A.B. asks: 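Have a look at this one before I ask anything.
Note that the structure is a prediction, hence the values are computed from the model and not measured. When a residue number appears, it is its place in the shown sequence, counting from 1. Values below: all heavy atoms of this structure, side chains included; hydrogens, waters and symmetry mates excluded.
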Amino acid sequence: MQTHESGRQVTSVRVNPGKIPMVNSDGSMVKGIPPGLQQHFSITSSAKIPWCTYGLYLSERPAFIFDPLIHAGAYYVQEASSMFLEQALMQTSDTSQPLRVLDLCAAPGGKSTLLQSLISADSLLVSNEVIKSRAAILEENSVKWGGANVVVTNADPVAFAKLENFFDVIVIDAPCSGSGLFRREPEAIAEWSEHNVQLCYQRQQRILADVFPALKEGGVLIYSTCSYSKEEDENIGDWLMDAFTVHSLPLKTEAAWGIVETRSDKHKTYGYRFFPDKVKGEGFFISCFRKQEGTGNTVRMPKRPALQKASKNESAILQPWLQTGSGMQLWKQKEDLFAFPQQLEKELLTIVDNVYVRRAGTTIGKIAGNDLVPDHALAVSTLVNGSIVAVTLKREEAIQYLRRDDVTITTGQKGWTLVQFEHYNLGWIKVLQNRINNYYPQGWRILKRAPDIP
């Protein structure tokens with residue numbers, strides 16, 4: 001079993017396979033950091049995280065905010081232990097089949113973007129966050145990751161009870177006392193108390209009870225915390241066994257990973273603990289359960305859908321901006337036009353009819369006259385047409401753009417233009433006769449001043 005110096009924090013990232021290839025031309029997996037990322041990290045070596053296909057350890061922590069590729073959604077900074085969610089999903093569910101997945105407590109978006117990279121293109125991912133301000137961060141990270149089969153919602157867990165027997169998988173990274181993050185966040189030590197552990201234990205029960213009806217028979221519940229407290233971890237497993245008809249699912253691990261398998265006191269449910277002195281990561285707990293009760297999907301299509309499909313004229317204006325053969329249905333909600341997988345029409349309308357939706361699919365933009373005003377989401381998506389005019393910026397220029405400052409470029413083309421860095425899209429500018437307008441989202445801009453850039 002590997003052990004690691006308890007005082008040493010590690011930095012880990014997860015590559016976006018939709019934007020950076022993780023497979024070589026011969027079909028083998030890329031080892032270490034893909035060439036497209038190597039130059040952006042001031043390191044000479046890297047290591048794959050053994051339990052996550054797209055996870056990488058870095059030997060030091062760069063200033064991520066000043067790396068344009070993180071703003072392009074090329075990778076995500078995520079704690080390594082929590083990436084074990086990949087094993088929980090892959091070992092309990094058939095990801096080659098269409099799945100309906102709910103990430104209930106999803107902000108800031110690490111687990112949701114990981115799930116999005118694992119499920120098939122014809123699967124549905126609903127990423128939910130109950131706190132409005134955190135839901136905005138979740139939405140931003142979801143947009144940057146670029147998937148069209150994701151719905152971002154802002155709802156209390158009980159709202160999903162109306163979607164009875166709807167989801168194949170529900171992931172709950174539950175609010176907890178946070179003792180597993182003491183090394184990374186020393187200030188959390190002063191906030192911890194046994195009383196708070198009990199409050200979290202009760203809150204976790206309420207969340208699970210509220211959302212459990214939405215899981216279909218045979219569906220998988222993946223429960224995790226960043227707590228060491230038995231009350232919030234193994235005891236929750238025993239409570240689930242008492243409250244519902246579920247079966248605890250064991251997961252396969254390797255001894256070299258350093259993960260500790262535990263069994264609860266009463267029902268011997270399986271849990272998996274991550275201790276910083278045994279794994280290269282922070283404190284974490286995860287367990288999986290299969291629902292043994294329920295009926296078929298009882299949710300019906302709404303009689304009066306809250307959305308309308310784009311008209312023929314609107315679709316004709318949008319099509320040149322999109323890749324051909326993308327299999328997307330175009331929808332309109334108020335002034336916004338967005339794309340969503342055609343085969344998920346029923347699922348989309350059902351979600352919109354029952355839960356407050358912040359964003360669905362890929363927002364394409366708004367139509368003004370006979371022209372499209374493109375949305376930022378289109379620029380960083382995998383749907384944007386590759387023939388659209390684009391300009392490539394150097395790193396200094398890219399950071400200037402991401403600060404939403406004025407940019408100076410030389411181009412003979414007027415109109416909407418994609419801004420790229422190392423061939424990855426960052427957003428839009430509009431080239432006019434005497435100036436260039438920067439359309440990077442105001443709320444997402446870099447506020448800090450960059451250090452000297454080599």
A.B. asks: Can you list every salt bridge (charged side-chain N to carboxylate O under 4.0 Å, His left out) pair that touches residues 140-155, not counting sequence neighbours?
C.D. replies: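 Every pair satisfying salt bridge (charged side-chain N to carboxylate O under 4.0 Å, His left out) with a residue in residues 140-155: Glu140-Lys144.
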A.B. asks: Would you please name every residue forming a ring pair (Phe, Tyr, Trp, His ring centres under 6.0 Å) with Tyr401, sequence neighbours left out?
C.D. replies: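 Tyr401 satisfies ring pair (Phe, Tyr, Trp, His ring centres under 6.0 Å) with Tyr440 only.
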A.B. asks: For Trp428, check ring pair (Phe, Tyr, Trp, His ring centres under 6.0 Å) against everything at least two apart and list the hits.
C.D. replies: Trp321
A.B. asks: Got a second to check how far Leu215's CG is from Asn165's CG, nearest 0.5 Å?
C.D. replies: 8.5 Å
A.B. asks: Got a second to check how far Met83's CE is from Leu56's CG, nearest 0.5 Å?
C.D. replies: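 Answer rounded to 0.5 Å: 7.5 Å.
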A.B. asks: Testing the 3.5 Å rule here: is there a donor-acceptor pair between the side chains of Thr262 and Glu234?
C.D. replies: yes
A.B. asks: May I ask you to decide if Ser81's main-chain N or O and Glu79's side chain share a donor-acceptor pair within less than 3.5 Å?
C.D. replies: yes
A.B. asks: Return the set of residues passing side chain to side chain donor-acceptor pair (under 3.5 Å) with Thr362 (not counting sequence neighbours), or none when no residue passes.
C.D. replies: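 If we apply the side chain to side chain donor-acceptor pair (under 3.5 Å) test to Thr362, skipping adjacent residues, there are no hits.
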A.B. asks: Under 6.0 Å from the ring centre and within 45 degrees of the ring axis: does the NZ or CZ of Arg359 meet both conditions for the six-membered ring of Phe338?
C.D. replies: no
A.B. asks: Do Asp238 and Ser264 get their side chains close enough for a donor-acceptor pair, meaning under 3.5 Å?
C.D. replies: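 There is such a pair (donor and acceptor under 3.5 Å, judged by atom type) between the side chains of Asp238 and Ser264.
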A.B. asks: Please identify each residue that fulfils side chain to side chain donor-acceptor pair (under 3.5 Å) with Ser12, with sequence neighbours left out.
C.D. replies: none
A.B. asks: Determine whether more than 12 heavy atoms belonging to other residues, nucleotides or ligands lie under 6.0 Å from atom CD of Gln442.
C.D. replies: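 Buried by this count: over 12 neighbours within 6.0 Å.
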A.B. asks: Got a sec, which residues hit ring pair (Phe, Tyr, Trp, His ring centres under 6.0 Å) with Phe212, two or more places apart in sequence or on another chain?
C.D. replies: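 For Phe212 the ring pair (Phe, Tyr, Trp, His ring centres under 6.0 Å) partners, ignoring immediate neighbours, are Phe244.
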A.B. asks: Take Trp51 and Tyr272 through the test ring-ring contact (aromatic ring centres under 6.0 Å, His included) and record every step on the way to the result.
C.D. replies: CA-CA 13 Å; Trp51 50 79; Tyr272 298 86; over 10 Å; no
A.B. asks: Assess the residue pair Lys132 and Arg358 against the criterion (side chain to side chain contact (heavy atoms under 4.5 Å, CB included)); give the C-alpha distance rounded to whole Å, side-chain angles, the decisive distance to 0.1 Å, and a yes or no.
C.D. replies: CA-CA 10 Å; Lys132 188 175 181 179; Arg358 285 186 64 101; 4.1 Å; yes
A.B. asks: Residues two or more places apart in sequence or in another chain: which of them pass side-chain contact (heavy atoms from CB on, under 4.5 Å) with Gln292?
C.D. replies: Thr245, His247, Arg290
A.B. asks: Can you tell me how far the OG atom of Ser381 sits from the CE atom of Met328, to the nearest 0.5 Å?
C.D. replies: 9.5 Å
A.B. asks: Applying salt bridge (charged side-chain N to carboxylate O under 4.0 Å, His left out), can you list everything that pairs with Lys394, at least two apart in sequence or on another chain?
C.D. replies: none
A.B. asks: Could you work out, with side chain to side chain donor-acceptor pair (under 3.5 Å) as the rule, every residue matching Ser120, not counting sequence neighbours?
C.D. replies: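 Partners of Ser120 under the side chain to side chain donor-acceptor pair (under 3.5 Å) test: Asp122, Ser123.
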A.B. asks: With Ile172, which of Leu221, Leu102, Ile222 fulfils side-chain contact (heavy atoms from CB on, under 4.5 Å)?
C.D. replies: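 Of the listed options, the one satisfying the test is Leu221.
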A.B. asks: Would you say the rings of Phe84 and Phe284 are close, in the sense that their centroids are separated by under 6.0 Å?
C.D. replies: no
A.B. asks: We want to know whether Thr269 and Ser248 form a side-chain donor-acceptor pair, criterion being a heavy-atom distance below 3.5 angstrom.
C.D. replies: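 No, Ser248 and Thr269 have no side-chain donor paired with an acceptor closer than 3.5 Å.
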A.B. asks: Hey, could you give me each pair passing salt bridge (charged side-chain N to carboxylate O under 4.0 Å, His left out) that has a residue in residues 261-270? Not counting sequence neighbours.
C.D. replies: Lys230-Asp265, Asp242-Lys266
A.B. asks: Would you mind listing every side chain to side chain donor-acceptor pair (under 3.5 Å) that reaches into residues 103-116, with sequence neighbours excluded?
C.D. replies: Arg14-Thr113, Asp103-Ser112, Lys111-Asp173, Ser112-Ser127
A.B. asks: Test of understanding: with ring pair (Phe, Tyr, Trp, His ring centres under 6.0 Å), list the residues that count as partners of Phe275, not counting sequence neighbours.
C.D. replies: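 Residues passing ring pair (Phe, Tyr, Trp, His ring centres under 6.0 Å) with Phe275: Tyr228.
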